[in-house]
There are 2 protein chains.
Amino acid sequence: MLGVTELTETEDGLLPEPAVSEIELVAVLSALADPIRLRIVRELAAAGEPLACAAVPLPVSKSTCTHHYRVLREAGVIRQQRVGTARMSSLREAELGRRFPGLLPSVLAGG
Amino acid sequence: MLGVTELTETEDGLLPEPAVSEIELVAVLSALADPIRLRIVRELAAAGEPLACAAVPLPVSKSTCTHHYRVLREAGVIRQQRVGTARMSSLREAELGRRFPGLLPSVLAGG
DNA sequence: TTCGTAGTTCGACGGTTTTAGTAATACGAT
DNA sequence: ATCGTATTACTAAAACCGTCGAACTACGAA
């Protein structure tokens with residue numbers, strides 16, 4: 001079962017995410033090609049530590065917010081973990097850098 | 001009128017495109033977040049010289065093909081110029097590199 | 001146990017994107 | 001002039017995406 005994405009939440013509250021080798025370029029680019037998701041990614045990068053969804057102020061409803069975080073997670077851009085009632089999200093910066101070197105930095109730097 | 005995108009074709013057959021400063025990150029990412037357009041961009045990068053639309057074999061109809069080239073051009077990723085009956089397309093590699101350093105190389109390198 | 005907080009799921013709506021077909025245009029060659 | 005090639009424009013259908021509200025789950029605190 002090596003390399004297969006978990007379909008259900010693991011015991012430690014980690015939500016399902018693609019393995020590094022499974023991360024697809026088109027999926028990552030699609031995930032990043034949205035102003036709100038880009039903003040989330042930038043906040044996470046700036047924070048440098050896991051952030052709760054609610055910690056990033058966004059001009060959309062909660063359900064839309066959930067949607068955007070899921071797109072990012074399923075693309076392999078972020079990781080999400082249940083901690084109590086919160087979902088702590090963090091950038092998969094190193095893993096992404098391993099799969100697509102230079103991509104995330106250039107996006108984060110980009111105006 | 002400096003820095004304003006031309007709305008109509010210029011005399012030398014150059015099709016309307018955004019100025020470097022007008023190129024938007026989200027637009028570029030959206031443009032690249034499609035398998036067919038990514039393929040076009042890769043072929044153009046590999047060729048290193050302007051290519052006619054018809055020179056890149058694609059599994060879609062001609063009109064769809066036109067559409068994808070236009071998306072790339074309007075995002076500022078490629079340049080298109082009429083040469084006789086053909087539209088020669090080329091990557092705006094240097095300009096893109098100036099606006100978003102490292103972005104295109106990382107996308108081209110990515111699996 | 002009851003309440004509040006954080007977030008999800010579901011169904012729907014509206015707008016955009018992708019797609020193809022058909023007709024039209026521009027040009028080079030005959 | 002006419003023909004073939006390359007490509008666009010227009011139109012219309014299908015698929016996709018971002019958005020919301022309402023109902024729901026899960027957890028911690030009082």
Side-chain angles (χ1 to χ4, degrees), chain A residues 7-17 24 26-41 43-44 50-75 77-90, chain B residues 7-17 24 26-41 43-44 50-75 77-90:
Chain A
L7 293 172
T8 55
E9 191 174 329
T10 51
E11 230 171 84
D12 57 351
L14 200 64
L15 272 65
E17 65 181 28
E24 302 236 24
V26 168
V28 171
L29 292 174
S30 299
L32 297 176
D34 177 281
I36 290 187
R37 290 195 291 262
L38 209 43
R39 195 159 144 187
I40 294 173
V41 167
E43 295 266 8
L44 291 179
L51 246 49
C53 299
V56 181
L58 295 174
V60 291
S61 71
K62 280 195 299 177
S63 50
T64 301
C65 195
T66 295
H67 163 71
H68 286 304
Y69 276 94
R70 180 166 39 185
V71 170
L72 286 170
R73 174 169 49 79
E74 290 180 347
V77 177
I78 68 171
R79 168 166 296 142
Q80 285 187 292
Q81 188 165 14
R82 275 176 190 268
V83 175
T85 158
R87 288 287 187 288
M88 301 306 280
S89 301
S90 50
Chain B
L7 294 172
T8 55
E9 191 173 331
T10 51
E11 229 170 87
D12 56 352
L14 200 64
L15 273 64
E17 64 181 30
E24 302 236 23
V26 168
V28 172
L29 292 175
S30 298
L32 297 176
D34 177 282
I36 291 186
R37 290 194 290 262
L38 207 43
R39 196 160 142 185
I40 293 172
V41 168
E43 296 264 9
L44 291 179
L51 247 48
C53 300
V56 182
L58 295 174
V60 292
S61 71
K62 284 191 296 182
S63 51
T64 301
C65 194
T66 296
H67 162 71
H68 287 303
Y69 275 95
R70 179 167 40 187
V71 170
L72 286 170
R73 174 171 48 82
E74 289 180 347
V77 177
I78 68 171
R79 166 166 297 142
Q80 287 188 292
Q81 188 165 13
R82 276 176 190 269
V83 175
T85 158
R87 288 285 186 291
M88 302 306 281
S89 302
S90 50

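Residue numbering restarts at 1 for every chain, and letters A, B, ... go by the order of the sequence lines.
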task: Nearest-nucleotide wise, let me know which of A/His68 and A/Gly84 is further upstream toward the 5' end of DNA chain D.
output: A/His68
task: Apply salt bridge (Lys or Arg N to Asp or Glu O under 4.0 Å) to B/Arg37 and list each qualifying residue two or more places apart in sequence or on a separate chain.
output: none
field: Which residues share a side chain to side chain donor-acceptor pair (under 3.5 Å) with A/Ser63, sequence neighbours left out
entry: A/Ser61
- request: Verify the neighbour count for atom CD of B/Gln81: are there more than 12 heavy atoms of other residues, nucleotides or ligands below 6.0 Å?
  value: yes
field: Residues forming a side chain to side chain donor-acceptor pair (under 3.5 Å) with A/His67, sequence neighbours excluded
entry: none
- request: Examine C/dA20: is either OP1 or OP2 under 4.0 Å from a nitrogen or oxygen in the side chain of B/Ser61? Give yes or no.
  value: yes
task: Output every pair passing side chain to side chain donor-acceptor pair (under 3.5 Å) with a member in residues 50-60 of chain A, not counting sequence neighbours, ordered by first then second residue.
output: none
Polar atoms only, N or O, under 3.5 Å: list the protein pairs with nucleotides 8-15 of chain C and their distances.
| unit_1 | atom_1 | unit_2 | atom_2 | d |
| --- | --- | --- | --- | --- |
| C/dT8 | OP2 | A/Thr66 | OG1 | 2.3 |
| C/dT9 | OP2 | A/Arg70 | NH1 | 3.4 |

statement: Sequence neighbours excluded, the answer for side-chain contact (heavy atoms from CB on, under 4.5 Å) partners of A/Val83 is A/Met88
- prompt: Heavy-atom contacts under 4.0 Å between residues 26-34 of chain A and DNA chain D, which residues?
  reply: A/Asp34
field: Atom pair CD (A/Glu24) and OG (A/Ser30), whose distance is rounded to the nearest 0.5 Å
entry: 10.0 Å
task: Would you give the length of the straight line joining atom OH of A/Tyr69 to atom CZ of A/Arg87, rounded to the nearest 0.5 angstrom?
output: 12.5 Å
message: I'd like the 5' and 3' limits of the part of DNA chain D contacted by chain B, with heavy-atom contacts below 4.0 Å.
response: D/dT5 to D/dA9
query: C/dA20 phosphate, OP1 or OP2: any side-chain N/O from B/Thr64 under 4.0 angstrom?
result: yes
Contacts of A/Ser90 that satisfy side-chain contact (heavy atoms from CB on, under 4.5 Å) - sequence neighbours left out: A/Pro50, A/Arg79
Residue list, side-chain contact (heavy atoms from CB on, under 4.5 Å) with A/Arg70, at least two apart or on another chain: A/Arg73, A/Glu74
